[in-house]
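None of the values given here were measured: they were computed from a predicted structure.
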Amino acid sequence: MTFTLSSFKSLTLLYTVSLLTPLVITEPAKAANFNNTSIQTQVQPLYRTTGNPDDYLVSPGTGYDGVAQLSLGDFWGSSCTGGLLGTGAHILTAAHCLTDDFGKLDVWDGTATFDLSTGDVNLSIADIFVHDDWTGDLSNGYDIAILELTDVAPDTVDRYDIYRNNNEVGKIGDKVGYGQSGNGNVGNEFWDGLKRSGQNRYDASGDLFNQLLSDNFSDALLAYDFDNGLAANDAFGYWFGDDYADLGLGLNEVNSALGDSGSPTFIDGAIAGVTSFGLRVYYLNGISSDIDDALNSSFGEFSFDTRASSYTNWIDDILTRWQPPTPPVVDNPGDDVDENLPSDDVADDPIDNTPDDEIHDHPDDSIGDDSPSDPVSVPEPRSLAGLIAFATGLWLTKKKKVIR
């Protein structure tokens with residue numbers, strides 16, 4: 001079965017590169033020296049299944065209720081996915097879901113929907129934190145962002161920690177997303193708004209691709225391919241040789257697709273990766289590990305996650321700055337002061353005898369202020385008003401984007 005992760009907010013990139021370093025693929029049928037060979041790649045932000053997509057549906061109450069569908073208020077009305085962090089008020093997702101092709105914020109509002117056994121819970125987005133080093137370049141690894149919600153999610157919604165070890169390569173991750181689906185033989189075919197899950201193995205960090213492509217791929221990326229059990233469609237084995245050959249996980253294998261951007265990959269129940277983009281590599285004559293001739297999350301393609309462990313300090317800084325909203329003080333009618341009580345009984349009532357300014361000056365009280373102080377690393381507007389004003393300008397000037 002094949003599971004594809006994708007994003008409706010997508011960037012499609014086609015470019016030709018020449019290898020700087022010779023690379024010999026050792027399998028005789030594919031032996032080639034890339035030193036003087038031009039290859040082409042297609043890149044797009046992107047789950048797809050190996051088998052029947054219905055077999056990968058996620059039911060509420062199975063540990064993934066904290067994976068939310070994100071409906072984003074931008075020019076196109078985009079859809080992405082994200083994972084709820086430990087505060088219950090922050091969602092980890094991909095930066096490209098929230099910005100234009102150059103890394104500039106172009107979302108002015110949005111909603112996170114949690115699918116629970118009791119029904120959907122919709123929470124509005126109050127603030128957006130995009131990594132300051134994100135420029136729209138998918139290969140550099142900074143495709144990461146945090147959404148702050150207006151309210152804390154119900155206690156029944158699962159929260160997730162960040163995977164903090166850097167031993168992800170070789171480990172199998174559980175991938176969950178709301179993207180397009182279909183089968184790996186044909187790629188992404190349909191979108192039904194349902195949550196699906198599956199597995200894949202991280203085969204390498206992104207910097208391995210600097211051996212193959214003349215590009216600046218970062219080790220803050222985690223790479224995997226979409227296998228169908230055939231060597232001809234084993235992308236890592238095909239392009240990097242026998243040392244990286246792996247025929248996959250059988251029916252458990254899935255890949256990312258449009259709408260899955262920002263979705264979490266879990267290792268030991270913690271978010272290890274954030275779905276970022278897919279990559280198709282092929283010769284100028286069209287020969288490739290890809291089972292077809294399109295970048296569509298089919299068998300034989302590569303996909304990449306942003307490595308969460310590379311950004312733990314950035315994530316922790318945003319979460320520790322946040323102060324949870326304090327419930328408003330409500331007088332209990334049963335505590336009304338009886339006019340006949342002695343004055344010292346009145347003084348024992350902490351609510352009636354606490355001046356309003358003392359309540360607002362208390363260091364732990366955040367009445368009327370649900371937003372954290374702005375991190376220095378985030379230059380974008382930090383209020384809904386700022387987002388609306390910023391987005392209005394983008395509405396007038398934004399160039400046409402590619403929709404997937």
Side-chain angles (χ1 to χ4, degrees), residues 63-68 70 80-99 103 105 112 114 123 125-135 140-153 155 157-169 171 173-174 176 202 205-206 218-222 261-276 304-326 363-364 366 369-383:
Y64 295 131
D65 289 357
V67 178
L70 306 177
C80 282
T81 305
L84 187 67
L85 297 174
T87 64
H90 295 88
I91 291 177
L92 190 67
T93 189
H96 78 256
C97 291
L98 310 165
T99 63
L105 195 69
F114 300 94
L123 297 177
I125 296 170
D127 210 347
I128 297 174
F129 301 87
V130 174
H131 198 287
D132 191 45
D133 290 324
W134 168 246
T135 63
N140 69 9
Y142 292 103
D143 188 11
I144 192 167
I146 291 177
L147 304 176
E148 184 176 304
L149 304 176
T150 54
D151 298 291
V152 177
D155 293 340
V157 180
D158 300 294
R159 275 88 158 143
Y160 310 109
D161 195 5
I162 300 301
Y163 190 80
R164 297 174 181 273
N165 300 318
N166 60 355
N167 60 352
E168 304 95 338
V169 174
K171 291 186 178 294
D174 299 309
V176 186
Y202 285 132
S205 55
S218 170
D219 62 359
L221 293 170
L222 293 168
S261 288
S263 64
T265 298
F266 297 97
I267 295 178
D268 297 333
I271 300 177
V274 176
T275 298
S276 183
F304 295 78
D305 286 359
T306 302
R307 192 176 203 156
S309 65
S310 296
Y311 303 103
T312 54
N313 290 339
W314 179 78
I315 295 169
D316 290 343
D317 182 61
I318 292 173
L319 300 190
T320 55
R321 289 170 182 259
W322 176 75
Q323 294 183 358
T326 300
D364 294 330
S366 58
D369 183 8
D370 292 344
S371 300
S373 57
D374 295 341
V376 176
S377 62
V378 184
E380 286 78 10
R382 287 290 162 261
S383 66

Inset, instruction - Measure up the Y311 and H131 rings against each other and bin them: parallel (under 30°), tilted (30 to 60°), perpendicular (over 60°). - result: perpendicular

Inset, instruction - Determine the minimum heavy-atom distance between S261 and A94, stating which atoms define it. - result: C-CB, 4.4 Å

Inset, instruction - Find out whether N166 and E168 are in side-chain contact, i.e. whether some heavy atom of one side chain is under 4.5 Å from a heavy atom of the other. - result: yes

Legend entry - Backbone of S263 reached by a side-chain donor or acceptor of T275 within 3.5 Å: yes

Inset, instruction - State, with a plain yes or no, whether a side-chain heavy atom of W134 is found less than 4.5 Å away from one of N140. - result: yes

Inset, instruction - Supply the atom-to-atom distance I271 CD1 to R159 CZ, rounded to the nearest 0.5 angstrom. - result: 12.5 Å

Inset, instruction - Please tell me if the side chains of D132 and W314 come closer than 4.5 Å, counting only heavy atoms from C-beta onward. - result: no

Legend entry - Sub-4.5 Å side-chain heavy-atom contact between L222 and T265: no

Inset, instruction - Locate the shortest heavy-atom distance separating V176 from T81; write the atom from each residue and the value. - result: O-CG2, 4.3 Å

Legend entry - Donor-acceptor contact present, side-chain R307 to main-chain G206, <3.5 Å: no

Inset, instruction - Taking all non-hydrogen atoms of both residues into account, name the closest pair between L84 and D158 and its distance. - result: CD2-O, 3.6 Å

Legend entry - Point-to-point distance, once rounded to the nearest 0.5 Å, from CD1 of I91 to SG of C80: 11.5 Å

Legend entry - From I125 atom CD1 to L149 atom CG, the distance as rounded to the nearest 0.5 Å: 7.0 Å

Inset, instruction - Kindly indicate whether the side chain of D127, heavy atoms from C-beta on, has any atom under 4.5 Å from the side chain of W322. - result: no

Legend entry - Beyond-backbone contact of L92 with I162, side-chain heavy atoms, under 4.5 angstrom: yes

Inset, instruction - Taking all non-hydrogen atoms of both residues into account, name the closest pair between Y163 and S309 and its distance. - result: O-CB, 3.4 Å

Legend entry - CG-NZ distance between D268 and K171, expressed to the nearest 0.5 angstrom: 6.5 Å

Inset, instruction - Measure the spacing between CG of L85 and CD1 of I146 and express it to the nearest 0.5 Å. - result: 6.0 Å

Legend entry - Side chain to side chain, F129 and L319, heavy atoms closer than 4.5 Å: no

Inset, instruction - Work out which heavy atom in S205 is nearest to a heavy atom in D219; give both atom names and the distance. - result: CB-O, 4.1 Å

Inset, instruction - Determine the minimum heavy-atom distance between G141 and L221, stating which atoms define it. - result: CA-CD2, 3.7 Å

Inset, instruction - Find the distance between CG (D143) and CG (D305) and round it off to the nearest 0.5 Å. - result: 10.0 Å

Inset, instruction - Could you tell me whether the side chain of D161 and the main chain of A270 form a donor-acceptor pair under 3.5 Å? - result: no

Legend entry - Validation row: V67, Y160 side chains within 4.5 angstrom (heavy atoms): yes

